[in-house]
Protein chains: 2
Amino acid sequence: MTPTESAPLTTDFFDPDCPVRTIPVLGGRKWAWKIMRCLEGGPRRFSELRVPLVGITAKVLAESLRAMESEGAVVRTEYDEHPPRVEYALTPLGRTLLGPMDAVCAWSRQNLAGLLEAREAYERDEAGRAVGAR
Amino acid sequence: MTPTESAPLTTDFFDPDCPVRTIPVLGGRKWAWKIMRCLEGGPRRFSELRVPLVGITAKVLAESLRAMESEGAVVRTEYDEHPPRVEYALTPLGRTLLGPMDAVCAWSRQNLAGLLEAREAYERDEAGRAVGAR
DNA sequence: CTGTATCCTGAAAGATACTG
DNA sequence: CAGTATCTTTCAGGATACAG
């Protein structure tokens with residue numbers, strides 16, 4: 001129910017009109033995976049997040065958190081204190097994403113050696129090709 | 001074993017010196033998820049891939065395939081024919097990535113309604129805030 | 001058919017300075 | 001503390017033309 005519009009409700013990634021154009025929450029955002037990981041253990045303050053996220057700027061962190069909030073994966077709670085305190089946490093929805101993420105992360109960890117080897121082999125072949133083409 | 005260098009061999013995504021800077025194969029590439037899906041059923045020719053990948057240009061497809069090849073997820077096979085024929089296929093390594101991908105895709109599919117709802121709610125609140133701030 | 005070679009655009013990210 | 005405001009950079013992606 002709640003038929004607001006004729007929303008197709010598809011996740012067919014091959015449909016150019018898919019309402020979720022790329023992978024939700026994680027797609028097209030460099031820091032999203034790491035931010036999810038940082039919130040895994042419980043609510044964190046803005047400045048707490050900046051510590052493990054080495055190199056992120058306040059601007060990018062704020063933008064990322066807002067985007068993830070808009071997708072329902074993160075909730076922002078502002079406390080009326082001085083100095084101000086704001087906490088970010090995973091929503092129940094966001095938390096359900098941790099499992100699928102783990103699958104990909106585990107794969108990366110387990111196959112890192114193979115990935116590095118592939119890269120080396122590829123670069124070796126590239127060099128060989130370049131020499132052969134002389 | 002095989003101590004080629006002092007390679008840290010870590011997939012700690014919080015390490016800025018991690019040899020695999022973003023999520024391997026899938027990270028930072030708009031079409032990688034879809035390309036993986038297109039190769040799932042077996043080897044495909046370049047022009048075959050362009051059909052389901054609506055909107056991709058030859059340049060971007062070639063770049064993506066080369067990158068995924070360099071990471072060992074895809075193998076390129078060139079047949080010496082006229083007109084030329086080239087086939088792309090998943091490597092055994094690439095194939096092991098399909099499972100983890102499925103987990104994320106299933107999550108997207110199952111939570112699409114919640115994601116759309118969250119987005120609507122977020123935009124409603126934004127509008128409310130804008131009015132309230134008048 | 002399977003690309004490459006250019007050139008261009010746009011969106012995300014980064015640097016820096018400043019504010020409630 | 002928790003951001004916002006600008007400006008600049010970067011680079012994946014796109015358009016078009018051409019080549020083996």
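Here is how names work: the chains are called A, B, and so on, in the same order as the sequence lines, proteins then strands, and each is numbered from 1.
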In terms of side-chain heavy atoms of [X], which of [options] is nearest?
{"X": "B:Phe46", "options": "C:dG3, D:dG13, D:dC1", "result": "C:dG3"}
{"X": "B:Val86", "options": "D:dG20, D:dA2, C:dG3", "result": "C:dG3"}
{"X": "A:Thr57", "options": "C:dA5, C:dA15, D:dG3", "result": "C:dA15"}
{"X": "B:Pro84", "options": "D:dT4, C:dT2, D:dA2", "result": "C:dT2"}
{"X": "B:Trp31", "options": "D:dG14, C:dT2, D:dC1", "result": "D:dG14"}
{"X": "A:Val60", "options": "C:dG14, D:dA2, D:dG13", "result": "C:dG14"}
{"X": "A:Arg45", "options": "D:dA2, D:dG13, C:dT2", "result": "D:dA2"}

Output the rounded distance in Å from [atom1] ([X]) to [atom2] ([N]).
{"X": "B:Ile56", "N": "D:dG13", "atom1": "CD1", "atom2": "P", "value": "8 Å"}
{"X": "B:Arg85", "N": "C:dC1", "atom1": "CZ", "atom2": "C1'", "value": "12 Å"}
{"X": "B:Lys30", "N": "D:dC11", "atom1": "NZ", "atom2": "P", "value": "18 Å"}
{"X": "A:Leu61", "N": "D:dC1", "atom1": "CG", "atom2": "P", "value": "14 Å"}
{"X": "A:Asp80", "N": "D:dC1", "atom1": "CG", "atom2": "C1'", "value": "14 Å"}
{"X": "A:Glu63", "N": "D:dT4", "atom1": "CD", "atom2": "P", "value": "9 Å"}
{"X": "A:Glu81", "N": "C:dG20", "atom1": "CD", "atom2": "C1'", "value": "16 Å"}
{"X": "A:Glu78", "N": "C:dG20", "atom1": "CD", "atom2": "P", "value": "15 Å"}

| note | The answer to which of A:Gly55 and B:Arg50 contacts DNA chain C further toward the 5' end, by nearest nucleotide, is B:Arg50
| message | According to salt bridge (charged side-chain N to carboxylate O under 4.0 Å, His left out), does anything in residues 92-106 of chain B pair up with another residue at least two apart or in another chain? List the pairs. | response | B:Arg37-B:Asp102
| query | If every non-hydrogen atom of B:Cys38 is compared with every non-hydrogen atom of B:Leu53, which pair is closest and at what distance? | reply | SG-CD2, 3.8 Å
| request: Indicate whether OP1 or OP2 belonging to D:dT4 is found under 4.0 Å from a side-chain N or O atom of A:Arg66. | output: yes
| message | Taking donor-acceptor contacts at under 3.5 Å, does the side chain of A:Lys59 reach the base of D:dG3? | response | no
| Any side-chain heavy-atom pair of A:Leu26 and B:Ile23 under 4.5 Å | no
| message | Within this structure, what is the OH-CD distance for the pair A:Tyr88 and A:Glu69, rounded to the nearest 0.5 Å? | response | 7.0 Å
| Does atom CD of A:Glu63 have more than 12 heavy-atom neighbours from other groups under 6.0 Å away? | yes
| query | Just checking B:Arg76: base, sugar-phosphate only, or nothing, at a heavy-atom cut-off of under 4.0 Å? | reply | sugar-phosphate
| query | What nucleic acid atoms does A:Tyr88 come within less than 4.0 Å of, heavy atoms only: base, sugar-phosphate, or nothing? | reply | sugar-phosphate
